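Chain identifiers are assigned alphabetically (A, B, ...) following the order of the sequence lines, protein sequences preceding nucleic acid strands; residue numbering begins at 1 within each chain. Because the structure is predicted, anything quoted here is derived from the model rather than measured.
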Amino acid sequence: MGVALRDILAPYRDPIGWEGLCGAAAIDAHNALYQFLTIIRQPDGTPLVDAEGRVTSHLSGLFFRTTKLLELGIRPVFVYDGPPPPLKSRTIEARRSVREEADRQYAAAVERGDREEAYRQARAATRIDGGMIESSRRLLDLLGVPWVQAPSEGEAEAARLAATGQVAYAVSQDYDSLLFGAPVLARNVTISGRRRLRGRTITVEPERIRLAAVLEGLGIGREELIRVGILVGTDFNEGVRGVGARTALKLVREGRFEETVAERLPGFDPGPVFEFFCHPPSGGTVHLSWRPPDPDGLRAMLCDEYSFSRERVDGALERLGMTAGQRTLDQWF
DNA sequence: ATCGGGGA
DNA sequence: TCCCCGATA
């Protein structure tokens with residue numbers, strides 16, 4: 001799940017109100033869909049489904065969250081993953097086996113009527129299939145919100161859009177975006193609100209991390225930050241056992257990166273991972289344009305096809321100034 | 001995200 | 001004492 005740099009990045013996480021997040025935002029689509037699928041569930045762990053039993057949690061999250069972002073003056077562009085790099089195979093295989101095990105545990109928990117365990121396992125078994133990708137893109141098209149296909153990792157492409165100024169910041173829960181060079185990373189944008197955590201209800205608010213502040217504060221460059229990530233472990237390499245963010249930072253500062261890799265990760269060549277973070281496969285220039293939503297199309301898709309409540313869909317459209325037959329174009333142009 | 005165990 | 005890491009929402 002991304003690179004574990006929380007312990008050294010915590011001081012650079014600025015709480016930021018929605019006002020501070022206006023402008024265009026490149027959102028890691030897989031990261032967002034995954035969050036919707038794991039969070040939007042009924043108490044027994046079953047996701048939202050339509051009349052035919054198809055999962056709709058991702059569409060619900062995407063629709064209500066995206067309309068809210070538009071309402072707040074944020075112009076999102078969703079960035080979808082392309083083919084994963086071979087470096088990621090190990091991680092992908094590991095995740096697959098975790099999900100398969102969760103499938104078995106879920107079935108077993110349901111069989112013996114263990115609700116809590118079923119809920120846990122249902123979440124752990126969450127996967128994003130091709131149909132979900134397809135339906136989410138169709139929904140974005142109806143919302144008039146652009147999406148792009150990354151040549152490889154979505155996070156990398158979102159970071160590039162931010163680095164080239166095509167958007168103001170990248171949105172993801174993972175810190176990898178910073179290693180990929182996003183000048184600004186915003187977290188808790190797709191999940192903010194109340195969440196229950198160990199009995200308590202806590203409020204999750206958007207936060208911003210500026211790469212320049214991180215590098216200046218830690219006294220290192222982006223290349224060193226990437227080395228810290230490699231020692232801790234990323235989606236593209238296993239880290240050193242027993243080395244967390246603090247120790248990794250210390251080692252890199254002392255110039256002991258190569259030495260540590262040689263000693264503790266024999267046979268591993270960090271070069272390709274380093275190169276992947278420094279220069280990820282890059283897409284061409286994209287033209288991003290936001291259009292007004294299509295209220296009739298949205299009602300047809302969400303209400304007729306996927307059993308969404310007409311009232312809730314209309315409510316969201318109204319908040320956007322999209323009452324039937326009336327559109328306020330000026331807010332989009 | 002947070003907690004607590006346990007290793008260095 | 002610091003820090004890593006697994007377990008738990």
Side-chain angles (χ1 to χ4, degrees), chain A residues 1-16 28 31-32 34-47 57 61 90-91 94-95 97-99 101-106 108-110 114-126 171-178 185-209 214 217-220 224-225 227-235 237-254 256-257 259-261 263-265 268:
Chain A
M1 300 287 150
V3 63
L5 297 181
R6 174 174 46 93
D7 288 345
I8 56 171
L9 295 181
Y12 308 101
R13 290 162 45 184
D14 314 318
I16 188 167
D28 179 350
N31 196 279
Y34 188 79
Q35 286 185 317
F36 297 144
L37 285 163
T38 51
I39 291 167
I40 305 176
R41 287 175 183 270
Q42 287 157 341
D44 66 352
T46 54
S57 294
R90 216 180 265 270
T91 297
R95 287 179 187 167
S97 79
V98 166
R99 280 194 299 266
E101 178 60 20
D103 280 337
R104 287 189 286 272
Q105 300 281 355
Y106 172 74
V110 168
D114 185 342
R115 289 250 175 134
E116 290 204 357
E117 181 65 7
Y119 182 87
R120 248 194 305 279
Q121 299 298 341
R123 287 187 61 171
T126 299
V171 173
S172 175
Q173 286 306 97
D174 296 340
Y175 296 113
D176 303 42
S177 312
L178 297 169
L185 164 66
R187 302 178 71 240
N188 299 344
V189 168
T190 49
I191 53 151
S192 70
R194 299 167 304 284
R195 286 183 76 187
R196 52 192 174 285
L197 198 57
R198 222 189 297 278
R200 291 198 143 77
T201 304
I202 58 159
T203 312
V204 178
E205 280 164 359
E207 66 188 33
R208 183 186 63 177
I209 302 176
V214 169
L218 297 179
I220 59 177
E224 277 75 51
L225 188 64
R227 293 192 180 101
V228 171
I230 290 174
L231 290 181
V232 169
T234 71
D235 284 352
N237 76 286
E238 269 185 71
V240 179
R241 224 186 150 72
V243 171
R246 294 179 195 279
T247 307
L249 176 62
K250 183 167 159 286
L251 289 167
V252 168
R253 274 178 172 159
E254 292 169 354
R256 297 168 60 197
F257 173 76
E259 169 198 330
T260 308
V261 168
E263 280 175 17
R264 307 285 302 274
L265 301 170
F268 166 65

Legend entry - Rounded distance (Å) that lies between atom C1' of B:dA1 and atom CG of A:L9: 15 Å
Inset, instruction - Tell me which of A:D7 and A:E116 sits closer to the 5' end of DNA chain C, going by the nucleotide each one is nearest to. - result: A:D7
Legend entry - Nucleotide of C:dC4, C:dA9, B:dA1 approaching A:R246 most closely (side-chain heavy atoms): C:dC4
Inset, instruction - Write down the distance between CD (A:Q121) and P (C:dA9), rounded to a whole number of angstrom. - result: 12 Å
Legend entry - Selected nucleotide, minimal atom distance to A:R241 side chain, candidates B:dA1, C:dC4, C:dG6: C:dG6
Legend entry - Nearest-Å distance for atom pair OH/P, residues A:Y119 and C:dA9: 11 Å
Inset, instruction - Round to a whole Å and report the spacing from CG of A:L231 to P of C:dC4. - result: 12 Å
Legend entry - Closest to side chain of A:R6, choosing from C:dG6, B:dT2, C:dC3: B:dT2
Inset, instruction - Check whether any side-chain heavy atom of A:L5 lies under 4.5 Å from a side-chain heavy atom of A:L225, and answer yes or no. - result: yes
Inset, instruction - Please work out if A:R123 contacts a base, only the sugar-phosphate, or nothing of the nucleic acid, heavy-atom cut-off 4.0 Å. - result: nothing
Inset, instruction - Let me know the distance between CG of A:L249 and P of C:dC4, rounded to the nearest Å. - result: 10 Å
Inset, instruction - Calculate, to the nearest 0.5 Å, the distance between atoms OG1 and CG belonging to A:T234 and A:D174 respectively. - result: 11.5 Å
Inset, instruction - Can you establish whether the number of heavy atoms outside A:E238 located under 6.0 Å from its atom CD is more than 12? - result: no
Legend entry - A:R90 atom CZ: more than 12 heavy-atom contacts under 6.0 Å: no
Legend entry - Whole-Å distance separating the CZ atom of A:R264 from the C1' atom of B:dA8: 11 Å
Inset, instruction - Select one nucleotide: of C:dA9, B:dA1, C:dC4, the one nearest the side-chain heavy atoms of A:T247. - result: C:dC4
Inset, instruction - Look at all strands and tell whether A:A245 reaches a base, only sugar-phosphate, or nothing, counting heavy atoms closer than 4.0 Å. - result: sugar-phosphate
Inset, instruction - Starting at atom CG of A:L5, determine the distance to atom P of C:dC3, rounded to an integer number of angstrom. - result: 15 Å
Inset, instruction - Return the value, rounded to whole Å, for the distance between atom CD of A:E238 and atom C1' of C:dC4. - result: 16 Å
Inset, instruction - Quick one: pull up CD in A:Q105 and CZ in A:R120 and give me the separation to the nearest 0.5 Å. - result: 10.5 Å
